[in-house]
Amino acid sequence: MDFFCYHRDRPGSLELRYELLEEHWSYMDRYAAEMIARGPTTAGDGEVPTGSVHILDLPDPAAARAFAFGEPGWQAGAYRDVMLRRWRNALGRTMWDFPGGRTGGDRYLVLGLGAGEAADLDLPRERDELIAYGPLLSDDGDRWLGTAALLRAPDAAAARAVLTADAYAAVEVHDWHFGGRPE
């Protein structure tokens, strides 16, 4: 079962985030085999983190909650909230399989928060720049709650265009970077 987890930073928590960086990476190392995608969202300068995205294959919703709420930054109060949703891997691959590689171009997290009828269940025609893509679902997988995409795009407006206009209650676009320990 795949899950989308997005911890959003608490204002003023930058120093705490940096203090916890090794603990965060060590925690994530325990889930390396389950990772589909991971990485920070950042402010417009690309340097200051605003959140942390993790997409994982875990046995069930209880395991996903244990992952999300056991994360050291969450435990220490670095995050203001966490979005945890079941997710379907429409691309059937991990971010490490993205043909575009880890570097080059701007990358984004696009979150479409559902409102009514399911939208964007099929892959977009322009899929070459998709890193991860799929619907956000209820714990039992029966109810569509939105769509999450990681992609490379020339700008935030182009990233936003991956989702159908007016099919969502809200759409968020965040700068995003490939995550993991520096090599």
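Index from 1, following the sequence. Computed from a prediction, not measured in an experiment: that's the story for all the values here.
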Q: Test side chain to side chain contact (heavy atoms under 4.5 Å, CB included) on Asn89 and Ile55 and set out the steps.
A: CA-CA 9 Å; Asn89 188 349; Ile55 304 174; over 6 Å; no
**Q.** Derivation and outcome, side chain to side chain contact (heavy atoms under 4.5 Å, CB included), residues Leu91 and Leu123
**A.** CA-CA 8 Å; Leu91 293 172; Leu123 287 171; 3.7 Å; yes
Q: May I have the step-by-step check of side chain to side chain contact (heavy atoms under 4.5 Å, CB included) for Val82 and Glu71, ending in yes or no?
A: CA-CA 11 Å; Val82 61; Glu71 198 280 337; over 6 Å; no
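Residue pairs meeting the salt bridge (charged side-chain N to carboxylate O under 4.0 Å, His left out) criterion with at least one partner in residues 88-101, sequence neighbours excluded, do not occur; the list is empty. Residue pairs meeting the ring pair (Phe, Tyr, Trp, His ring centres under 6.0 Å) criterion with at least one member in residues 143-164, sequence neighbours excluded, are Trp144-Tyr168. Applying the salt bridge (charged side-chain N to carboxylate O under 4.0 Å, His left out) definition to pairs two or more places apart or across chains, those involving residues 58-70 are Arg65-Asp139. Contacts classified as salt bridge (charged side-chain N to carboxylate O under 4.0 Å, His left out) and involving residues 159-177 (residues at least two apart or in different chains) are given here: Arg8-Glu172. Applying the salt bridge (charged side-chain N to carboxylate O under 4.0 Å, His left out) test to residues at least two apart or on different chains, the pairs with a partner in residues 16-39 are Asp9-Arg17, Glu22-Arg181, Asp29-Arg181. Judged as a ring pair (Phe, Tyr, Trp, His ring centres under 6.0 Å), not a single pair has a partner in residues 90-112 (not counting sequence neighbours).
Taking every heavy atom of both residues into account, Gly114 and Ala169 meet most closely at O-CB, 4.0 Å. Pairing each heavy atom of Ser13 with each of Ala78, the nearest pair is OG-O, 2.9 Å. Between Asp140 and Ser138, the closest heavy-atom pair is OD1-OG, 2.6 Å. The shortest heavy-atom contact between Ala153 and Ala159 is CB-N, 3.8 Å. What you find for Leu20 and Gly73 is that their closest heavy atoms are CD1-CA, 3.8 Å. Here the shortest heavy-atom pairing between Gly77 and Leu16 reads C-CD2, 4.1 Å.
Residue Arg143 holds its CZ atom at 15.0 Å from CZ of Arg86, rounded to the nearest 0.5 Å. Taking CG of Leu151 as the start and CD of Glu129 as the end, the distance is 8.0 Å to the nearest 0.5 Å. Between the CE atom in Met1 and the CG atom in Asp57 there is a gap of 9.5 Å [rounded to 0.5 Å]. Phe67 CZ to Leu84 CG: the interatomic distance, rounded to the nearest 0.5 Å, is 9.0 Å. Rounding to the nearest 0.5 Å gives a distance of 8.5 Å between CG of Leu111 and CG of Leu150. Note that CG of Leu56 is 7.0 Å distant from CD1 of Ile36, once rounded to the nearest 0.5 Å.
With sequence neighbours left out, the side-chain contact (heavy atoms from CB on, under 4.5 Å) criterion links Thr41 to Tyr6, Thr50, Val53, Leu109, His174, Trp176. With sequence neighbours excluded, the residues forming a ring-ring contact (aromatic ring centres under 6.0 Å, His included) with His24 are His54, listed by chain and number. Partners of Trp87 under the ring-ring contact (aromatic ring centres under 6.0 Å, His included) rule, at least two apart in sequence or in another chain, do not exist in this structure. Taking the ring-ring contact (aromatic ring centres under 6.0 Å, His included) definition, one finds that Tyr79 meets it with His7, sequence neighbours left out. With sequence neighbours left out, the ring-ring contact (aromatic ring centres under 6.0 Å, His included) criterion links Tyr133 to no other residue.
Taking the side chain as every heavy atom from C-beta outward, Thr147 and Val162 never approach each other to under 4.5 Å.
One hydrophobic cluster holds both Ile131 and Leu136 under the rule that ILVMFWY side chains link at heavy-atom gaps under 4.5 Å. Under a hydrophobic clustering in which Ile, Leu, Val, Met, Phe, Trp and Tyr are joined whenever their side-chain heavy atoms come within less than 4.5 Å, directly or via other members, Trp74 and Leu58 fall into different clusters. Under the 4.5 Å side-chain heavy-atom criterion for grouping Ile, Leu, Val, Met, Phe, Trp and Tyr, Met35 is connected to Phe4 within one hydrophobic cluster. Note on Leu121: it clusters hydrophobically with Val171, by side-chain heavy-atom contacts below 4.5 Å among ILVMFWY residues. When the side chains of ILVMFWY residues are joined at heavy-atom separations under 4.5 Å, either directly or via intervening members, Phe69 and Met28 end up in two distinct hydrophobic clusters.
Remark: the backbone N or O of Thr164 is paired with a side-chain donor or acceptor of Asp120 at under 3.5 angstrom.
Grouped with Val48 in one hydrophobic cluster are Leu14, Tyr18, the linkage being side-chain heavy-atom contacts under 4.5 Å among Ile, Leu, Val, Met, Phe, Trp and Tyr residues.
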